[in-house]
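Lettering follows sequence order; numbering is per chain, from 1.
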Amino acid sequence: MPELPEVETVRRGLAERIVGKIVKDVNSDTPKSFPNAPADVTAFLVGASIIAVRRRAKVLMVDLDNDYSLMIHLKMTGQLVYRAEGEAFGAGHPNDSLIGNLPDKSTRVTIEFTDGSHLYFNDQRKFGWMKLLPSIEIPHIDFMRKVGPEPLEADFTPQEFMDRFSRRAKTSIKAALLDQTVVAGVGNIYADESLWGARIHPQRLVGSLSPDEFHRLYEELRSVMNLAIEKGGSTDKNYVNAEGKRGSYMDFARVFRREGKRCPRCGTTIVKFKAAGRGTHICPYCQKLS
DNA sequence: CACTTGACCTGTCCGC
DNA sequence: TGCGGACAGGTCAAGT
């Protein structure tokens with residue numbers, strides 16, 4: 001589920017709410033939620049206070065004042081929802097949350113803070129994980145060394161974008177976009193949306209794209225992701241922000257999950273098929289293979 | 001090495 | 001209404 005815009009939305013919501021709080025207790029379905037050092041997790045967390053919430057690609061990092069960090073990946077169905085003490089639904093918005101009382105059936109980890117508030121990690125499909133590790137080690141783990149640049153950073157240039165694809169010349173542009181070592185944070189929704197914007201068929205080989213097409217894709221990817229952050233991400237099924245509320249980007253989607261509807265640019269019927277192993281949506285008129 | 005496929009899980013939807 | 005199969009926004013470990 002969550003791609004860069006969704007994870008960034010969660011990060012912002014959590015940063016506002018949990019920085020400065022002190023962990024009082026932790027309940028989790030270890031070792032499934034904490035694949036590393038499960039026995040130590042509670043001991044490291046209880047008594048620690050939260051000093052920052054960061055994001056890299058689709059991974060969240062909650063930094064603690066004991067020089068450890070909690071790395072969290074939501075994968076397909078993960079949710080991180082904050083509730084103040086006694087709140088059933090979310091700050092100042094009774095019944096506004098997409099989800100009800102917590103913990104619920106999908107809750108895997110509950111972190112209680114000393115002020116009586118809670119952070120719930122829900123994850124229906126159980127693909128997500130949390131890892132506790134020394135903060136200083138984060139930049140050296142495999143994922144961080146291999147992951148590509150943040151596409152929304154101000155210093156990320158069209159030239160760098162194009163260069164990142166050079167070693168994937170023989171694969172499809174969609175598979176390359178989804179490859180986290182090429183560019184960070186792109187998932188199925190924003191891959192389809194940006195390819196539509198750039199008028200590029202997802203199965204075009206990377207090596208066949210012109211500099212102009214790369215440039216369009218660069219611009220579209222950034223504008224689509226920025227719009228998605230502005231709209232609080234995409235909620236198709238499970239995704240919610242730190243308040244348990246849905247994101248509204250799907251109201252603005254041009255092709256994703258719109259098969260059978262009209263292309264907003266030319267009116268042709270949008271079709272769905274499988275590409276790079278994923279459900280893929282295109283306008284067959286705007287996005288041609290050759 | 002580069003690339004593709006299956007596996008990890010649970011829930012939901014669709015056709016029979 | 002029940003049941004089997006396909007499918008779901010992400011990533012790995014395997015395979016070719």
Side-chain angles (χ1 to χ4, degrees), chain A residues 1-10 29 31-33 35-36 55-60 71-80 98-99 104-109 121-131 141-148 164-196 202-208 221 224-225 228-229 231-241 246-260 272-281:
Chain A
M1 152 211 317
E3 308 180 25
L4 188 155
E6 289 74 31
V7 180
E8 177 61 19
T9 301
V10 171
D29 62 344
K32 179 73 184 174
S33 288
N36 75 325
R55 178 190 62 75
R56 178 74 170 96
K58 301 173 190 171
V59 176
L60 286 170
M71 289 185 65
I72 306 167
H73 201 307
L74 301 173
K75 292 287 183 87
M76 302 279 256
T77 56
Q79 306 171 326
L80 279 171
L98 189 60
I99 49 186
D104 66 19
K105 209 164 104 181
S106 70
T107 302
R108 295 174 52 194
V109 179
F121 172 44
N122 293 345
D123 183 22
Q124 184 180 92
R125 285 172 78 177
K126 301 186 181 180
F127 292 166
W129 46 255
M130 295 188 169
K131 288 176 187 170
I141 66 172
D142 263 11
F143 173 82
M144 291 299 175
R145 289 192 298 117
K146 291 178 185 166
V147 71
R164 298 291 306 176
F165 287 90
S166 56
R167 89 199 139 77
R168 305 296 311 266
K170 286 175 67 183
T171 194
S172 68
I173 184 62
K174 173 146 183 180
L177 267 178
L178 294 174
D179 182 344
Q180 299 299 295
T181 69
V182 175
V183 176
V186 185
N188 207 33
I189 297 174
Y190 305 111
D192 281 7
E193 290 288 290
S194 58
L195 286 166
W196 177 87
Q203 290 173 314
R204 289 273 307 283
L205 294 187
V206 170
S208 80
L221 183 63
V224 156
M225 283 194 161
I229 291 172
K231 301 299 174 190
S234 297
T235 297
D236 186 33
K237 283 188 172 168
N238 292 274
Y239 168 73
V240 292
N241 66 16
R246 57 193 303 128
S248 66
Y249 178 82
M250 291 299 280
D251 297 339
F252 300 83
R254 286 88 49 96
V255 284
F256 192 82
R257 287 291 161 77
R258 290 178 50 78
E259 60 269 30
K272 179 180 179 182
F273 58 100
K274 189 159 271 201
R278 318 294 301 277
T280 298
H281 312 74

Q: Could you check how far NZ of A:K274 sits from P of B:dT5, rounded to whole Å?
A: 10 Å
Q) Out of C:dG9, C:dT11, B:dT10, which has the shortest distance to the side chain of A:I189? A) C:dG9
Q.
Between P on C:dT11 and CG on A:D142, what's the gap in Å once rounded to a whole number?
A. 15 Å
Q. Between A:L74 (CG) and C:dG9 (C1'), how many Å, whole number?
A. 11 Å
**Q.** Out of C:dA8, B:dA2, C:dT11, whichever nucleotide has its closest atom nearest the side chain of A:K58
**A.** C:dT11
Q. Among the nucleotides B:dG11, C:dG9, C:dT11, which one has an atom lying closest to any side-chain atom of A:K75?
A. C:dT11
**Q.** Any donor-acceptor pair under 3.5 Å from A:T77 side chain to A:N238 backbone
**A.** no
(Q) Nearest to the A:M76 side chain among C:dT11, C:dC7, C:dG9, which nucleotide is it? (A) C:dG9
Q: Starting at atom CG of A:N238, determine the distance to atom C1' of B:dC13, rounded to an integer number of angstrom.
A: 14 Å
Q | A:D123/A:K126 ion pair, N-O < 4.0 Å | A | no
Q.
Regarding A:G277, tell me which of base, sugar-phosphate or nothing describes its non-hydrogen contacts under 4.0 Å with the strands shown.
A. nothing
Q: Provide, to the nearest angstrom, the distance between the CZ atom belonging to A:R164 and the P atom belonging to B:dA2.
A: 13 Å
Q.
Let's see if you can work this out: which of C:dG9, B:dC3, C:dA8 has an atom nearest to the side-chain heavy atoms of A:K170?
A. B:dC3
Q) Which of these nucleotides, C:dC7, B:dT4, C:dG9, is closest to any side-chain atom of A:T171? A) B:dT4
Q.
Of the options B:dC9, B:dC3, C:dG9, whose atoms approach the side-chain atoms of A:F127 most closely?
A. B:dC9
Q: Select base, sugar-phosphate, or nothing to describe what A:K105 touches, counting heavy atoms under 4.0 Å on all strands.
A: sugar-phosphate
Q.
Under a 3.5 Å cutoff, is there a donor and acceptor pairing between the side chains of A:Y239 and A:E3?
A. no
Q.
From NZ of A:K126 over to C1' of C:dT11, roughly how many Å is that when rounded to an integer?
A. 19 Å
Q: Among the candidates C:dG10, B:dT10, C:dA8, find the nucleotide nearest to the side-chain atoms of A:K272.
A: C:dA8
Q.
If you compare every side-chain N and O of A:R167 against the phosphate oxygens of B:dC1 (OP1, OP2), does one of them come in below 4.0 Å?
A. no
**Q.** A:A175 side chain, from C-beta outward: closest of C:dC7, B:dT4, C:dG9
**A.** B:dT4
Q: Determine the interatomic distance between C1' on C:dT11 and the same-named atom on B:dT12; round to the nearest Å.
A: 23 Å
**Q.** hbond_proxy A:R125 side chain to C:dA8 base (donor-acceptor, 3.5 Å cutoff)
**A.** yes
Q: Would you kindly give the CD1-to-P distance between A:I141 and C:dC12, to the nearest whole Å?
A: 10 Å
Q. When the distance from CZ of A:R168 to P of B:dC1 is rounded to whole Å, what number comes out?
A. 14 Å
(Q) Taking only the C1' atom of each, what is the distance from C:dG9 to B:dC3 in whole angstrom? (A) 23 Å
Q. When the P atoms of B:dC9 and C:dA14 are considered, how many whole Å apart are they?
A. 15 Å
